[in-house]
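What follows is one structure encoded as structure tokens, with my remarks underneath.
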Amino acid sequence: IGTNITSNEIDALPSALRNQFSLMQTIPGLVPTLQVGSFEGGQYSANGQATNNNLFLVDGQYDNDSRRGGSQGTQARVSLDSMAEYQVQTHQYGAEYGGSTGVVVNSVTKSGTNTFAGRVFEYYRDNKLQATDYFLKQAGESNPDSGSNVYGGSIGGPIIRNRAFFFFNYEGYRFTEGSNNIITVPTIRMRQGDFSELLTDPYILSFFGHGIQIYDPRQPAGTRVPIPGNRLDLYLGGARIDPAGAASLQFFPTPNLTGPLGSSVFRNYLSIGLRPTNMNQYTTKLDFVTSAKNRISGSFSHRTNDRIA
């Protein structure tokens, strides 16, 4: 029991970042477990089954990704423009399908015909069309220069009329994601050896019920004396400040944010960055008709994905 998702539905229905299996969310009994917008495979729980019980095929050939026991979904990712349809079966499978108690998905790729045909496409999204992040607003900042651009094209036709055909597809994916993180960095006074803020910071007092006292680390455990006022710069003339540690502090950014409860030492820096993803996928398929009932087909798909996590 199942259904076919045809090329007309693939073209007409929106898909999250052109994930090849995003349209399976429309099929009764399937619950997606993949990260929204992820290009990685496509995992679904079929009628309560574990996701590693699924079977993925491309033109009838085994395509499960064996990493982590198959829980990653497919090995070869098929771009939407190279798919003629995909057949989805959720239970009561035919005799030709084995080794699966979950969903069986067979992706059928496009082939060339006696007529040359092709298409090009582009889907563009820019950060200027998105609302500003709440924490960026609080810091008086604007959205980073993020966005996505998905483009490509396909062409197919005859090599030898009525006998041999080719199909080629390319898809490029350029995605720049804004990465906004609130982290904790050393304060200006800490860089100079003055850690007295740990004794009076309102968040520390609220969380621990008392300030954080620093002790002389070079004395025996259990007998260490507290450093007065947490002033390492004044204690023994700064002899307890390690030169390498002091030098490493200069590589941290300076605080640009007030933390919770007015804290100056906790969650005091808003980091604004970009995480680019550059993906290219190429798919080629050749078909040779040997008789009215038989043909030989071969396909090759290659994808490169450069991404900063």
Side-chain angles (χ1 to χ4, degrees), residues 16-17 35-40 125-149 173-218 224-279 305-309:
L17 297 180
Q35 179 182 355
V36 176
S38 171
F39 193 82
E40 293 297 324
R125 189 182 71 188
D126 189 82
N127 70 295
K128 296 181 179 61
L129 304 176
Q130 303 177 33
T132 303
D133 180 271
Y134 171 80
F135 295 104
L136 291 179
K137 283 185 178 180
Q138 298 304 306
E141 301 285 348
S142 58
N143 280 335
D145 189 20
S146 60
S148 65
N149 190 15
Y173 177 70
R174 304 293 181 265
F175 180 58
T176 304
E177 181 182 14
S179 175
N180 307 319
N181 300 292
I182 298 178
I183 61 176
T184 299
V185 298
T187 66
I188 298 296
R189 292 164 64 179
M190 289 178 179
R191 297 164 189 263
Q192 300 168 353
D194 179 0
F195 289 82
S196 60
E197 294 164 296
L198 296 177
L199 297 172
T200 60
D201 185 81
Y203 181 81
I204 290 179
L205 294 176
S206 173
F207 188 84
F208 293 102
H210 55 78
I212 297 177
Q213 176 64 57
I214 296 178
Y215 294 82
D216 189 335
R218 295 190 179 181
R224 295 173 179 170
V225 298
I227 296 175
N230 283 355
R231 293 295 299 271
L232 271 72
D233 55 335
L234 301 180
Y235 181 70
L236 300 178
R240 293 297 184 260
I241 298 178
D242 181 73
S248 66
L249 291 180
Q250 308 310 312
F251 293 98
F252 286 85
T254 57
N256 62 2
L257 193 66
T258 300
L261 301 179
S263 174
S264 62
V265 302
F266 180 69
R267 293 177 64 84
N268 57 3
Y269 183 76
L270 174 62
S271 170
I272 303 174
L274 298 174
R275 291 185 294 183
T277 298
N278 295 325
M279 186 276 293
N305 193 355
D306 299 322
R307 176 170 52 189
I308 297 178

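If you're wondering where the values come from, they're calculated on a predicted model, not measured in any experiment.
The aromatic rings of Tyr173 and Phe175 sit parallel, their planes meeting at an angle under 30°, below the 60° perpendicular limit.
Using modelled atom types, no side-chain atom of Asp216 and backbone atom of Tyr235 make a donor-acceptor pair closer than 3.5 Å. Between the side chain of Arg240 and the backbone N or O of Arg218 there is no donor-acceptor pair closer than 3.5 Å. A donor-acceptor pair under 3.5 Å is formed between the side chain of Arg174 and the backbone N or O of Met279.
Residue Glu197 holds its CD atom at 9.5 Å from CD1 of Ile188, rounded to the nearest 0.5 Å. Atoms CG and CG, on Leu205 and Leu198 in that order, are 10.5 Å from each other to the nearest 0.5 Å. Taking OG1 from Thr184 and CZ from Arg267, the interatomic distance works out to 7.0 Å, rounded to the nearest 0.5 Å.
Checked by atom type, the side-chain pair Asp201/Ser263 shows a donor-acceptor distance below 3.5 Å.
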Inset, instruction - I would like to know whether Arg191 and Phe252 meet side chain to side chain contact (heavy atoms under 4.5 Å, CB included); could you show each step before the answer? - result: CA-CA 10 Å; Arg191 297 164 189 263; Phe252 286 85; 3.9 Å; yes

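Across all non-hydrogen atoms, the minimal contact from Ile204 to Gly211 is CG2-CA, 4.2 Å. When all heavy atoms of Ile241 and Ala246 are compared, the closest pair comes out as CG2-CB, 4.0 Å. For the residue pair Asn230 and Ile214, the shortest heavy atom distance occurs at OD1-N, 2.8 Å. Contact record, Gln213 with Ile227: NE2-O, 2.9 Å, taken as the closest heavy-atom pair. The shortest heavy-atom contact between Asn256 and Tyr269 is OD1-CA, 3.2 Å. Across all their heavy atoms, Met190 and Leu249 have their closest contact at O-CD1, 3.9 Å.
When side chains are defined from C-beta on, Tyr215 counts as touching Pro226, because their heavy atoms get closer than 4.5 Å. Side-chain contact between Asn268 and Val185 is present, with at least one heavy-atom pair separated by less than 4.5 Å. Within the 4.5 Å cutoff, the side chain of Gln192 has no heavy atoms near those of the Asp233 side chain.
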